[in-house]
Amino acid sequence: MALADSARGLPNGGGVSPAAGSGAAGSGAAAAAGGWSSFPEIVELNVGGQVYVTRRCTVVSVRDSLLWRMFSQQQPSELPRDSKGRFFLDRDGFLFRYILDYLRDLQLVLPEHFPERSRLQREAEYFQLPDLARRLAQARAAAAARPAALHRDGSLCADEPPPPLLGYLEAEPLEGGGGGAAASAPSPTASRSPSGGPLLTPSQSLDGAGGRRSGYITIGYRGSYTIGREAQADAKFRRVARITVCGKTALAKEVFGETLNESRDPDRPPERYTARYYLKFNFLEQAFDRLSEAGFRMAACSSTGTCAFAPEQGGPADDKIWTSYTEYVFCRD
């Protein structure tokens, strides 16, 4: 659901309301002195490695916010920039997309099954957007008041009816007409998932000992190394560009937490599967340690490799470049 704001400005964050026009005109000299005209109309932002391009009037649409002060009360030379000249903000680049959406029209629509509302509230507080932070806090409080098994962590609407629990069917009478508490218990085993397995409730999908979900996670990486004429002396081993994570969304987030980059598949529901996550670090052993600490064990692995001479890749004539792709399958019973 949308977060409406009764005091909107022009569409796309385009300035102040007509009622405030005379006051804005009267402060033109002060605005120029504060650096308003020094910024380009289109600004490029690097937020935690994620690049955003927007209008300057969008980022200054909420008065007294952090971005308003940066881009209206300071000079461009006073703001940090990256190596390509973009204005740099050391914050969560994924969550900033929702901050920017809010600044465009002072509304916010979150996807269903959105799991980052507490972190988004922290970002709203950092950027000094009190109305957005207050609405997120109210939505979190309303969501926490619902029963945990019935809560759908989706949009900011607190009055939508919760979906039915998966796996619960009508109570089946016991043979012989027996009654009692046993007859009224739900039967989760009769309901089946598309893959043929039973659809379990959240409590049934956890193991009884540690209270943890069972399942599989696949770790993949593409690595390369170069061997020169001096063989091992010149070898450059295992340059890992990126470690990918495949499996159920909830399991991946449980194991890797904030080290998981979700930018390629940001709105995936917790019980769905994804093959588009990757890790923010490039050390396989670090991924193995996290999986081991979470109770996973390696079940299988597979690797393929190719070899090419370095001149084809622009390298020395006598060097060979080996490239491999490897996957490790981990499971937790």
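Quick caveat: nothing in here was measured; it's all calculated off a predicted structure. Keep in mind that the numbers below use all heavy atoms, side chains included, and drop hydrogens, waters and symmetry copies.
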**Student:** Taking Arg56 for the side chain and Glu41 for the main chain, is one N or O donor matched with an acceptor at less than 3.5 Å?
**Tutor:**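 Absent.
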
**Student:** Taking the side chain as every heavy atom from C-beta outward, state whether Tyr325 and Tyr221 have any atom pair closer than 4.5 Å.
**Tutor:**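 Result no, sub-4.5 Å side-chain heavy-atom pair not found.
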
**Student:** So, Lys248 side chain and Tyr216 main chain: donor-acceptor pair closer than 3.5 Å or not?
**Tutor:**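 No.
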
**Student:** Does the ring of Tyr278 carry Arg242 above it, NZ/CZ under 6.0 angstrom from centre and within 45° of its axis?
**Tutor:**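 Relative to the ring axis of Tyr278, which defines the angle, Arg242 lies inside both limits.
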
**Student:** Between Val255 and Phe296, is any pair of side-chain heavy atoms under 4.5 Å apart?
**Tutor:**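 Touching, per the 4.5 Å side-chain cut-off.
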
**Student:** Measure from the side-chain N and O atoms of Arg69 to the backbone N and O of Asp64, and report whether any donor-acceptor pair falls under 3.5 Å.
**Tutor:**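 Judged by distance alone, yes, a pair lies under 3.5 Å.
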
**Student:** Please name the residue in the list Thr54, Val62, Val60, Leu132 that meets the side-chain contact (heavy atoms from CB on, under 4.5 Å) test with Leu103.
**Tutor:**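 Of all the options given, the one that passes is Val62.
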
**Student:** Between Ser292 (side chain only) and Phe288 (backbone N and O only), is there a donor and an acceptor less than 3.5 Å apart?
**Tutor:**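 No.
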
**Student:** Got a donor-acceptor contact below 3.5 angstrom from the Tyr52 side chain to the Gly93 backbone?
**Tutor:**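 Answer holds: yes.
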
**Student:** Could you check if a side-chain atom of Phe71 sits within less than 4.5 angstrom of a side-chain atom of Gln74, using non-hydrogen atoms only?
**Tutor:**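 No - every pair of side-chain heavy atoms lies 4.5 Å or more apart.
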
**Student:** Does any part of the side chain of Arg119, heavy atoms only, come nearer than 4.5 Å to the side chain of Asp92, both counted from C-beta?
**Tutor:**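 Asp92 reaches Arg119 side chain to side chain.
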
**Student:** Would you sort out whether Arg97 and Asp101 count as a salt bridge (Lys or Arg N to Asp or Glu O under 4.0 Å), showing the intermediate values?
**Tutor:** CA-CA 6 Å; Arg97 62 185 290 197; Asp101 281 346; 5.4 Å; no

